[in-house]
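Read through the structure below, which is laid out as structure tokens, and then see the notes.
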2 protein chains.
Amino acid sequence: MTETDRRIAVFESQLKGAGLRMTQQRRLILRVLAEADDHPDAKGIFTRAFAHDPTLSLSTVYRTMKVLESQGAIERHAFEDGISRYEHADQEHHDHLIDVDSGEVIEFSSDAIEELQRRIAAELGYELVRHRLELYGRKKPPARRSGKKKS
Amino acid sequence: MTETDRRIAVFESQLKGAGLRMTQQRRLILRVLAEADDHPDAKGIFTRAFAHDPTLSLSTVYRTMKVLESQGAIERHAFEDGISRYEHADQEHHDHLIDVDSGEVIEFSSDAIEELQRRIAAELGYELVRHRLELYGRKKPPARRSGKKKS
DNA sequence: GCTGCAAATGAGAATGATTTTCTTATAGCT
DNA sequence: AGCTATAAGAAAATCATTCTCATTTGCAGC
């Protein structure tokens with residue numbers, strides 16, 4: 001709760017600085033986001049928030065996501081289905097591995113891959129601004145001690 | 001033209017094998033795709049093909065793209081704007097670098113990055129099925145001989 | 001070359017995520 | 001408390017993509 005409140009306070013001062021208001025709805029959505037440990041989409045956020053405030057509308061969720069994103073408070077990702085998913089941004093940069101069977105999203109980060117990307121862009125005469133990296137994988141069975149290969 | 005015709009012939013036999021038909025429309029769309037050296041979206045393909053056959057409909061383009069994709073004849077990519085873009089698939093695997101200023105798409109490939117991705121997935125207990133890598137960059141001015149750093 | 005029919009097409013309606021419009025409510029300053 | 005610009009709610013609009021359905025067309029067999 002403390003962590004959530006800290007995030008909310010930080011965001012509130014960011015808003016203030018931009019001449020924007022801290023509303024009940026924004027507070028609520030921010031709380032939902034801070035408490036989420038997955039990557040919910042707009043409807044998912046709406047559903048969770050709606051449980052606490054049944055007057056909330058989906059438009060407000062979308063609008064709020066935009067504000068939050070423009071303030072750098074959240075990150076938006078669109079995986080293969082094209083639907084935007086959100087996560088709060090106060091963590092180090094990371095990429096995503098998506099389990100193709102379950103849809104589960106696993107976060108990872110690799111300095112080596114970041115560096116490699118920068119070098120590739122440079123070789124093409126570009127300065128890397130940002131990137132999108134998604135790995136789609138299937139869970140491997142744990143290694144056997146002396147396994148026979150199975151077809 | 002020869003290359004285009006070869007692609008069309010190959011695709012026709014693929015279709016036949018799947019019990020599907022080679023229609024005028026599919027031939028036309030395939031030709032448009034084979035002649036494209038960029039990454040057009042459905043509307044772009046439609047526009048180019050429509051010039052050759054004004055009875056063509058956009059639905060047919062979408063339907064055909066699905067068939068082509070399921071036969072492995074084309075690849076579909078959705079960059080940041082979420083719109084599907086297509087390119088013919090008879091080339092080695094590659095990733096894309098998008099010029100954030102011009103929108104230009106540059107293709108590149110790197111065995112090192114492929115390998116690194118595979119390793120990262122493996123470390124997380126996954127077998128890499130596929131991946132999506134897009135670099136967004138800005139053109140760097142050509143290096144100066146003894147340049148002073150500019151802000 | 002004709003027939004039959006399953007597959008494909010064209011035109012437009014339907015879908016689904018997201019954005020916009022417009023009217024009403026409210027945050028935050030005085 | 002009162003003012004006013006920003007925000008919210010509800011519903012309509014948008015836009016890419018898919019679907020429906022009536023009509024057309026490949027193509028296999030005669």
Side-chain angles (χ1 to χ4, degrees), chain A residues 8-9 11-32 39-47 49-71 73-86, chain B residues 8-9 11-32 39-47 49-71 73-86:
Chain A
I8 292 177
F11 183 62
E12 181 154 5
S13 60
Q14 283 181 305
L15 281 183
K16 202 150 288 174
L20 301 173
R21 293 173 185 170
M22 174 53 81
T23 65
Q24 293 303 316
Q25 292 85 339
R26 286 176 182 172
R27 221 184 302 272
L28 172 56
I29 290 169
L30 214 41
R31 184 171 304 277
V32 166
H39 298 72
D41 61 8
K43 201 175 296 181
I45 294 164
F46 172 70
T47 303
F50 189 82
H52 295 281
D53 174 4
T55 71
L56 183 68
S57 94
L58 183 53
S59 317
T60 298
V61 173
Y62 277 109
R63 267 190 296 237
T64 301
M65 299 325 282
K66 263 199 189 158
V67 174
L68 289 168
E69 194 187 358
S70 72
Q71 300 296 318
I74 61 166
E75 275 178 31
R76 183 162 49 91
H77 304 289
F79 302 140
E80 285 199 326
D81 61 8
I83 295 174
S84 292
R85 318 187 88 77
Y86 308 88
Chain B
I8 293 177
F11 182 63
E12 181 155 5
S13 62
Q14 282 182 305
L15 281 183
K16 203 149 288 174
L20 302 173
R21 295 170 183 171
M22 173 53 81
T23 65
Q24 292 303 318
Q25 292 85 337
R26 285 176 182 171
R27 220 184 302 273
L28 172 57
I29 289 170
L30 214 41
R31 186 171 303 277
V32 165
H39 299 71
D41 61 7
K43 200 176 297 179
I45 294 163
F46 172 70
T47 302
F50 189 82
H52 296 281
D53 174 4
T55 71
L56 183 70
S57 95
L58 183 55
S59 315
T60 299
V61 173
Y62 277 109
R63 268 189 295 236
T64 301
M65 298 326 282
K66 263 200 188 156
V67 175
L68 290 168
E69 194 187 359
S70 73
Q71 298 297 318
I74 61 166
E75 275 178 30
R76 181 161 51 90
H77 304 290
F79 302 139
E80 285 199 326
D81 60 8
I83 295 175
S84 292
R85 319 186 87 78
Y86 307 89

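Order of the sequence lines sets the chain letters (A, B, ...), proteins ahead of strands, with each chain counted from 1. Below, all heavy atoms of this structure are taken into account, side chains as well, without hydrogens, waters or symmetry copies. Model, not experiment: these values are computed from the prediction.
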Tell me the interatomic distance from [X], atom [atom1], to [N], atom [atom2], rounded to whole angstroms.
| X | N | atom1 | atom2 | value |
| --- | --- | --- | --- | --- |
| Q25(B) | dA8(C) | CD | P | 11 Å |
| F11(A) | dA27(C) | CZ | C1' | 14 Å |
| L28(B) | dA8(C) | CG | P | 17 Å |
| M22(B) | dA8(C) | CE | P | 11 Å |
| F46(A) | dG16(C) | CZ | P | 17 Å |
| I29(B) | dT9(C) | CD1 | P | 7 Å |

Looking only at heavy atoms, what is the nearest atom pair of [X] and [Y], with distance?
| X | Y | value |
| --- | --- | --- |
| V61(A) | A42(A) | CG1-O, 3.7 Å |
| I8(A) | R31(A) | CD1-NH2, 3.5 Å |
| E69(A) | I74(A) | N-CG1, 3.6 Å |
| R26(B) | V67(B) | NH2-CG2, 3.9 Å |

Requested in this report: Output yes when a side-chain donor or acceptor of R85(A) lies under 3.5 Å from a complementary backbone atom of R76(A), and no otherwise.
Outcome: no
Query raised in the report: For L15(B), does its backbone N or O pair with a side-chain atom of Q71(B) as donor and acceptor, under 3.5 Å?
Result: no
Report summary line: Output for pair (T64(B) OG1, L56(B) CG), nearest 0.5 Å, gives 7.5 Å
Requested in this report: Using heavy atoms to find the nearest nucleotide of DNA chain D for E12(B) and G19(A) separately, return the residue whose nucleotide is more 5′.
Outcome: G19(A)
Query raised in the report: Are E12(B) and R27(B) ion-paired here, with the side-chain N under 4.0 Å from a carboxylate O?
Result: yes
Query raised in the report: Which two nucleotides bound the region of DNA chain D that has atoms under 4.0 Å from heavy atoms of chain B, read 5' to 3'?
Result: dA16(D) to dC27(D)
Requested in this report: Classify the ring geometry between F46(A) and F50(A) as parallel (under 30°), tilted (30 to 60°) or perpendicular (over 60°).
Outcome: tilted
Query raised in the report: Is there a donor and acceptor pair closer than 3.5 Å between the side chain of R26(B) and the base of dA8(C)?
Result: no
Check the interface with nucleotides 18-21 of chain C: list each N/O to N/O pair with the protein under 3.5 Å, or write none.
unit_1: dT18(C); atom_1: OP1; unit_2: S84(A); atom_2: N; d: 2.9
unit_1: dT18(C); atom_1: OP1; unit_2: S84(A); atom_2: OG; d: 3.2
unit_1: dT18(C); atom_1: OP2; unit_2: Y62(A); atom_2: OH; d: 2.5
unit_1: dT18(C); atom_1: O5'; unit_2: Y62(A); atom_2: OH; d: 3.4
unit_1: dT21(C); atom_1: O4; unit_2: R63(A); atom_2: NH1; d: 3.3

